[in-house]
Amino acid sequence: MNSVLHSPSLCEAYEPYFRIGAALSSRLIADPELAEIICRHFSSITADNQMKPDSVLNLDATLAQGDPRHAAVDFARVDALLSFARDHGIAMRYHTLVWHNQTPVWFFKENWENDWNAPAAPKEILLARLENYIRDVMRHVNACFPGVVYTWDVVNEAIEPGQGGPGLFRTRSPWFAFTGQDFLPAAFRAARENAAPGQTLCYNDYNAFEPVKRNAIMDMLKPLLAENLVDTMGMQGHYVLPDLNVSACETAARAYASLGLKLQVTELDIHCNSNDEAHAAALTDAYRSWFSMMKKLSQEGLEIEAVTFWGVTDADSWLPGFRREPSYPLLITADRRAKPAFDAVLDVAKE
Ligand code: G3I
C-alpha cells in the first residue's frame, strides 16, 4: 500500500463533480503529518464535535448574563477550526446548529437549571433562545471568518421512525418534547436571516436512503421548501458492509433532488469489522460502486455540493467505540496509508 501523502489528491480528482471532505477535530490538525494529509486530499472539512451546541454554549457566562432568553456562547473551539480552514484555503461545513444530542440540558430549562428533572422553560422562551443562539453563531462566523463556511447543518436528525411519533418525528428529542414541531421553521428562518449570500442551509440525517425514513424526511421538508428555508439534503452515509445498498442510495438521492434540493453526503463511512484480504476487497468494491453512482448523478446534473468522510484515517473513526468491535471504514489506514479502496475511488474519478 502506498503512503497517502504521495497519492494523487482525492479532492483534485473529484473537483469536476463535488468537494471531497473529512470530519476532524482540533487534535488532528495539531499533528503536522495529518494536517498535511488533510490539506492534500480534502477540499471541505467538518468539525466532528467542536461546533455542536455543547461545545459552544457556556453555562457560567449564561447565568452571569441573567437574560432568560439569551444563552452565552464561547467560540474558542469553533475559531480554532475555522482558522485552520481559512489559513489553508479549505471550505467548511458548520455541524450543527440544532440537535437533540450534545445540547446541554440547561439550555431547555427554566432558570437555566442544569437538571433533567427541572421544569422546561416555556415554548416561547425556548424558541427565543434558539433564535438568539443561531443568530449569535452565524453572525460571529460570518463576521470573523467571511467566506469560510459554505453550508450550515441547521437541523440534525429530526426523523426517527423507531419512536413512532406522528410524521415519524423524533418525539423524544427535547426540541419536539418542549416545542412540538415549531422549532423546525423557527431554526430555518433564523438561519436564513443570518446566512451570508451563497451559503446553503442543510437538513442532515442518517439512514436517509431508507424508503420509510426518506418519505418522512421529504414530507417534513416540503413546507420548509415552500417558504424557501432549506436548500440541501444532507444524507449522512453511515453504511455497513455487506448491507450497503447503492441503488437505494441512488433512488433516495434522486427523490430529494426532485424536490429541488441540492445534495450532500455529510458523514460517509462503511463499517467493516476486519481488514483481511476478503474484507478489504469487499470494501474496495463497495466504495467503487458507491462513488461511480455519485459521479453518474453529478454528470447528470444533480447538484452535489460535497461528499464528506466521517474521519480522516481509521485511527480516528467513531465506529470502533460505537460498534464495540474493530472497524476499518475509511479510505486511509490507521498508519496513514492509502488503501486499495482509496485507489479505486481515485480511479472512478478518472474513468
Ligand atoms: O466531552 C467528553 C470529554 O470531556 C471526555 O474527556 C471524553 C472521553 O471519552 O468524552 C467526551 O465526549 C465524547 C465526545 O464525542 C467528544 O469526544 C462523547 O463521550 C462521545 O459520545 C462523543 O461522540 C460523538 C458522537 O457524535 C456523539 O453523538 C462522536 O465523536 C462524533 O463523531 C459523533 O458524530 C455524529 C454526528 O455528529 C451526527 N451523526 C452521527 C455521528 C456519529 O455518531
Side-chain angles (χ1 to χ4, degrees), residues 21-31 34 38 42 44-60 74 76-78 80-81 92-107 114 133 137 149 151-163 170 172-175 187 201-210 213-214 217 232-240 244 249 252 263-273 306-332 334:
L24 47 87
S25 64
S26 329
R27 191 175 50 79
L28 297 196
I29 58 175
D31 178 320
L34 272 177
I38 291 161
F42 300 105
S44 171
I45 56 176
T46 310
D48 61 358
N49 288 298
Q50 292 77 5
M51 295 184 177
K52 294 172 176 172
D54 66 355
S55 256
V56 178
L57 288 162
N58 184 307
L59 178 57
D60 290 339
D74 170 0
R77 296 180 197 83
V78 171
L81 287 172
M92 199 146 190
R93 313 186 67 255
Y94 193 102
H95 173 77
T96 175
L97 290 167
V98 185
W99 195 20
H100 64 278
N101 200 358
Q102 287 179 285
T103 302
V105 54
W106 55 264
F107 193 70
N114 200 9
Y133 174 71
V137 173
V149 167
T151 189
W152 298 85
D153 281 343
V154 179
V155 173
N156 194 40
E157 302 174 1
I159 298 292
E160 179 42 69
Q163 294 186 7
R170 183 186 289 277
R172 275 180 244 146
S173 151
W175 285 113
L201 304 184
C202 187
Y203 171 72
N204 193 43
D205 213 331
Y206 61 85
N207 292 351
F209 65 91
E210 285 180 353
K213 184 155 178 175
R214 177 195 76 206
I217 291 172
T232 302
M233 176 60 207
M235 302 173 71
Q236 289 188 5
H238 295 293
Y239 303 123
V240 178
L244 168 60
C249 298
L263 300 172
Q264 288 184 35
V265 175
T266 53
E267 305 184 14
L268 178 62
D269 49 25
I270 305 178
H271 174 57
C272 177
N273 63 9
V307 169
T308 295
F309 291 90
W310 202 245
V312 177
T313 80
D314 283 351
D316 53 271
S317 170
W318 69 297
L319 281 165
F322 177 70
R323 297 262 170 198
R324 298 183 188 284
E325 62 173 358
S327 190
Y328 306 90
L330 296 167
L331 298 185
I332 303 174

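Counting starts at 1 for both ligands and their atoms, following the listed order.
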- Is the side chain of Arg93 donor-acceptor paired with the backbone N or O of Ser44 at a distance under 3.5 Å, no angle test? no

- Item | Under 3.5 Å side-chain donor-acceptor pair for Asn156 and Gln236 | yes

- Message: Regarding Thr313 and Asp316, do their side chains bring together a donor and an acceptor under 3.5 Å, going by distance alone?
- Response: yes

- Query: Can you tell me how far the CG atom of Leu81 sits from the CG atom of Leu28, to the nearest 0.5 Å?
  - Reply: 9.5 Å

- Query: Among Glu267, His238, Glu160, which one satisfies side chain to side chain donor-acceptor pair (under 3.5 Å) with Tyr206?
  - Reply: Glu160

- Sort out the contact shell of ligand 1: every protein residue with a heavy-atom distance below 4.0 Å, listed by chain and number. Asn49, Lys52, His95, Trp99, Asn101, Gln102, Asn156, Glu157, Gln236, His238, Glu267, Trp310, Trp318

- Residues in salt bridge (Lys or Arg N to Asp or Glu O under 4.0 Å) with Asp54, at least two apart? none

